[in-house]
Amino acid sequence: MSNHPIPRADDRATADAAPFEDHGAAPPRAGGIAARAMGAARPASYLDNLNPEQRDAILTIDGPLLVLAGAGTGKTRVLTTRIAHILATGRAFPSQILAVTFTNRAAREMKERIGHLVGGAVEGMPWLGTFHSIGVKILRRHAELVGLRSDFSILDTDDQIRLMKQLIQAEGIDEKRWPARQFAGLVDSWKNRGLGPKDIGEGEARSFGNGLGRKLYADYQDRLKVLNATDFGDLLMETLRLFCENPDVLADYHRRFRFVLVDEYQDTNVVQYLWLRLLAQGSKNICCVGDDDQSIYGWRGAEVDNILRFEKDFPGAKVIRLERNYRSTAHILASASHLIAHNEARLGKTLFTENEDPEAEKVCVAAAWDSEEEARSIGDEIERLQRGGHSLNQIAILVRASFQMREFEDRFVTLGVPYRVVGGPRFYERLEIRDALAYFRIVAQPADDLAFERIVNTPRRGLGDASIQILHAYGRANRVPLTAAAGHLVETEELKGKARTALRDLMQSFARWREQLEHLPHTELAEIILEESGYTEMWQKDRSAEAPGRLENLKELIRSMQDFESLAGFLEHISLVMDRDQDASADAVSIMTLHSAKGLEFDTVFLPGWEEGLFPHQRALDENGRAGLEEERRLAYVGITRAKHRAKIWFASNRRIHGSWQSSIPSRFLDELPDAHVEVVEQQNRYGGYGLDTVGAYGASRFDNRGSFNSTYETPGWQRARANKAAGTTGFATPGGERPRIRQIEGELIARSVVGGDPRFTVGARVFHQKFGNGTVSSVDGNKLTVDFDRAGQKRVVDSFVTAL
DNA sequence: TTCTCACCCATTTTT
DNA sequence: TGGGTGAGAA
């Protein structure tokens with residue numbers, strides 16, 4: 001039985017009850033947390049092997065504390081040891097510590113590590129979790145104070161959008177012009193800032209849906225209450241409202257939480273900040289750990305300002321900097337530090353390491369002709385590492401945007417290199433899982449209209465739009481949920497024959513399952529529901545390629561239910577916590593976005609796609625200017641600092657983005673790396689490939705056509721790049737000094753007009769290649785030739801690598 | 001009701 | 001280029 005966040009009776013004890021009763025524990029067990037807490041006189045072993053700053057951060061228990069922890073400086077260790085220390089010194093019981101993280105992964109890791117430190121399970125830390133899971137926990141206890149019942153359901157983004165779509169349509173607003181998805185984003189950003197319908201500014205309120213933004217938002221909130229539901233944003237917003245409107249409740253939590261600890265403080269948004277500040281007012285013992293240089297979620301509402309302003313917000317705050325890095329080599333560290341130093345808005349830290357391995361590899365920068373070659377070369381290099389005994393688990397490819405992943409996947413499939421994509425769609429976001437959950441929800445929570453709508457005609461029962469509209473009309477007129485409306489309508493003549501029979505059958509099934517809920521184990525019931533509803537059968541009959549996988553996922557879903565004692569407990573867990581279990585056992589290369597790599601580390605890290613427009617991403621620059629650029633730079637910093645021993649940065653001169661070719665120039669970030677710690681790898685002939693020479697040639701010829709480019713950029717990085725080029729220090733800067741805008745051009749056009757192929761190579765020409773021997777040119781694509789080699793078969797090569805015969 | 005075709009649009013993502 | 005969506009036909 002894992003620890004799930006359903007409130008238990010003992011959790012409902014009031015805060016001023018005796019601490020022991022509070023977390024339902026017996027008096028201190030010998031060797032237990034509390035026992036250690038009582039007699040911790042001798043210096044505790046957990047304080048061994050800490051550096052002075054870490055020790056200071058752990059021992060400074062009273063008052064506000066900000067720990068600025070650079071990448072790889074032992075942030076999690078400080079956080080967990082601090083908790084262990086608070087417990088060991090008897091300053092608080094486990095149930096009196098509030099520890100919040102952003103992700104379930106981080107929460108899980110913290111639980112495990114505290115478990116190691118204090119020996120045994122951390123059953124007694126009920127308030128260690130994500131912002132959201134703690135939010136729900138509080139909200140369920142006081143649901144009635146914010147107009148909900150304690151069994152409220154939590155809508156995911158998909159439900160949220162469907163609900164909004166209905167409201168938008170109900171207002172007669174053109175859903176094409178004002179997409180529900182966009183509105184969901186807007187509402188989300190309001191909730192991130194802690195703004196209710198009444199709080200949003202006039203301008204913003206009018207900015208959506210022909211000026212009806214505020215009304216739609218208010219309608220949406222009303223609807224949620226009617227459905228007894230919340231969305232993710234509400235879990236924090238409503239808790240905040242609860243505290244503000246009910247000082248006695250807040251006082252209760254003030255008494256309860258003697259210590260507040262926050263992980264990744266740089267990622268907090270406004271609500272989270274307000275929420276924390278409110279809770280920390282009680283004890284004033286708030287410890288935030290974070291790194292302003294790793295703030296990469298500004299676009300999601302995170303306020304770097306929170307961390308920059310900490311000392312003002314919490315008067316008397318102490319700030320401790322952790323700058324000693326235990327992860328990376330000096331080269332990697334120097335590269336990352338040098339890069340991030342280009343940012344203006346930062347508190348400033350200087351990371352250092354004592355890892356002065358003379359053998360350490362410099363950070364490597366390499367060029368490829370196009371993204372395909374980039375993937376090919378990285379694939380080859382990984383194979384080489386593998387042959388040298390390098391574990392694939394310790395290799396990661398970190399990309400800026402997920403479309404970049406595909407090329408690597410394709411390549412790895414070809415090579416037979418095992419890989420895993422980290423952070424793809426979550427388990428519970430899959431279609432079949434959501435359908436199944438909708439069935440379970442409708443049984444557990446009859447008023448859940450969104451669940452009802454989702455499965456009312458899945459599998460097909462002949463209950464289409466027309467029928468649903470009738471239900472909706474009735475439901476709205478009589479202010480009852482859809483299932484209630486359905487219950488009435490099967491008794492009347494409003495629905496025609498087939499639909500009516502189908503609906504009646506369905507309603508009878510619901511009734512039967514609800515009745516069985518009382519008697520049967522929930523896993524068994526779940527199977528019965530999927531079976532009797534015809535849902536399993538639907539996929540069994542489906543002959544598409546993904547059907548077997550979906551059936552497998554459904555089985556997995558049932559299996560995972562065994563860990564919960566009730567259907568309700570399971571439902572809450574899955575919407576909030578469940579993520580796909582990665583089989584970490586298999587040895588495989590990890591492919592993920594830079595964002596999802598935060599907090600991880602690998603021996604070898606590949607960083608492909610360092611090109612202007614992709615990284616830094618054009619949109620970040622366009623929409624947020626300098627701030628956007630700085631966030632991108634932080635992302636680059638996060639990427640490099642994931643590497644322990646080897647960091648390999650790549651860029652490709654050509655990339656196919658949406659079917660058309662995009663020519664690109666090296667990222668300005670490359671010019672921000674320190675020469676002394678970086679090695680530019682010349683790809684020379686290694687695979688008959690296209691190395692820097694080619695890039696040079698490409699660049700030169702492109703700038704011969706410079707007239708067609710607009711040049712407006714005059715950034716410092718760019719100027720430096722230009723200077724570097726003049727001094728001959730880097731291979732990347734572009735001659736001419738003007739920055740071209742990235743353009744979209746047809747592939748052929750690029751090749752012909754921009755690069756310019758060698759006129760000697762025409763279709764049918766005989767050529768010789770060092771590696772592949774003699775062959776006949778079968779097609780020409782700029783300076784790239786497709787050649788049918790007599791012995792090596794068909795290859796694509798660059799014309800500079802072959803000679804005409 | 002359901003299927004098909006045309007059209008639109010393309011970062012980053014946790015809960 | 002490809003996936004997701006909405007309007008129209010079968």
Side-chain angles (χ1 to χ4, degrees), chain A residues 5 100-107 129-136 154-158 160-161 165 169 174-176 179-182 185 188 191-192 230-237 264 267-269 271-272 295-302 398-407 422-426 428-429 431 457 460-469 496 498-499 502 572-579 592-599 609 613-624 628 631-632 634-636 638-639 655-662 744 746-747:
Chain A
V100 280
T101 64
F102 276 84
T103 63
N104 292 304
R105 186 177 78 193
T130 61
F131 275 101
H132 295 267
S133 65
I134 288 169
V136 193
I154 301 161
L155 303 187
D156 59 27
T157 320
D158 205 70
Q160 195 186 356
I161 290 172
K165 194 173 278 182
Q169 277 163 359
D174 179 11
E175 214 262 320
K176 269 208 155 139
R181 179 171 293 280
Q182 189 192 329
D188 218 47
K191 289 187 176 177
N192 282 160
T230 62
D231 59 20
F232 283 121
D234 280 347
L235 298 180
L236 297 172
M237 262 271 287
E264 306 276 17
D267 287 338
T268 49
N269 60 33
V271 211
Q272 285 159 342
S295 161
I296 54 175
Y297 285 109
W299 52 275
R300 211 165 71 184
L398 310 182
V399 297
R400 173 68 245 265
S402 38
F403 74 82
Q404 292 173 262
M405 292 179 179
R406 221 184 118 172
E407 234 144 354
V422 179
R426 264 148 247 312
Y428 69 85
E429 278 170 5
L431 178 88
N457 201 30
R460 301 260 134 86
R461 311 190 160 86
L463 290 166
D465 269 357
S467 315
I468 306 305
Q469 285 313 319
K496 304 284 176 308
K498 252 190 298 179
E572 169 148 325
H573 183 87
I574 199 158
S575 60
L576 221 51
V577 183
M578 180 138 175
D579 43 18
M592 66 184 103
T593 62
L594 286 159
H595 282 92
S596 38
K598 195 166 72 161
L614 177 58
F615 193 37
H617 201 281
Q618 194 59 47
R619 223 159 128 175
L621 304 179
D622 290 346
E623 287 169 13
N624 294 305
E631 183 154 315
E632 294 285 298
R634 290 194 289 268
L635 202 48
V638 167
R655 197 172 283 279
R656 201 153 63 164
I657 302 272
H658 310 301
S660 54
W661 283 94
Q662 188 168 290
Q744 291 210 331
E746 292 306 312

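In the text below, chain A, chain B and the rest are named by the order of the sequence lines, each starting its count at 1. The structure displayed is predicted, hence computed values, not measured ones.
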ask   = Which pair of heavy atoms, one from A:Leu614 and one from A:Arg400, lies closest together, and at what distance?
value = O-CG, 3.1 Å
inquiry  = Could you report the tightest heavy-atom contact between A:Thr101 and A:Ala106, atom names first, then the distance?
reply    = CB-CB, 3.9 Å
request  = Please report the shortest heavy-atom distance between A:Tyr297 and A:His595, naming the atom on each side.
outcome  = OH-O, 3.4 Å
message = Walk along nucleotides 2-10 of chain C from 5' to 3' and tag each nucleotide B, S or - by protein heavy-atom contact under 4.0 Å, base first, then sugar-phosphate.
response = S---S----
inquiry  = To the nearest 0.5 Å, what is the distance between CG on A:Asp267 and NZ on A:Lys598?
reply    = 3.5 Å
task = Check the distance between C:dT1's C1' and A:Gln662's CD and give it to me in whole angstrom.
result = 13 Å
request  = Would you mind reading off the distance between A:Gln160 atom CD and B:dT14 atom P, rounded to a whole angstrom?
outcome  = 16 Å
task = State the CZ-CD distance between A:Phe102 and A:Glu264, to the nearest 0.5 angstrom.
result = 7.5 Å
message = Quick check for you: among C:dT1, B:dT13, B:dT15, whose closest atom lies nearest to any side-chain atom of A:Tyr297?
response = B:dT13
ask   = In whole angstroms, how far is the P atom of B:dT13 from the CG atom of A:Asn192?
value = 16 Å
message = Output the rounded distance in Å from CZ (A:Arg300) to P (B:dT13).
response = 9 Å
key: Rounded distance (nearest 0.5 Å) linking atom CD of A:Glu407 with atom CZ of A:Arg655   = 7.0 Å
query = Tell me, for nucleotides 2-11 of chain B in 5' to 3' order, what letter each nucleotide earns: B for a base near a protein heavy atom under 4.0 Å, S for only sugar-phosphate near one, - for neither?
reply = SS------BB
d(CZ, A:Arg656; C1', C:dT1) in whole Å = 7 Å
task = Find the distance A:Asn269:CG to B:dT15:P and express it as a whole number of Å.
result = 14 Å
message = I want to verify the glycosidic state of B:dT12; is it syn or anti under the 90° rule?
response = anti
inquiry  = Is the phosphate of B:dT15 approached by A:Asn104 (side-chain N or O, under 4.0 Å from OP1 or OP2)?
reply    = yes
key: Spacing of CD belonging to A:Gln160 relative to NZ belonging to A:Lys165, to within rounding of 0.5 Å   = 13.0 Å
remark   = Rounded to the nearest 0.5 Å, the NZ atom of A:Lys191 sits from the CG atom of A:Asp234 at a distance of 3.5 Å
remark   = d(A:Gln618 CD, A:Glu623 CD) to nearest 0.5 Å is 10.5 Å
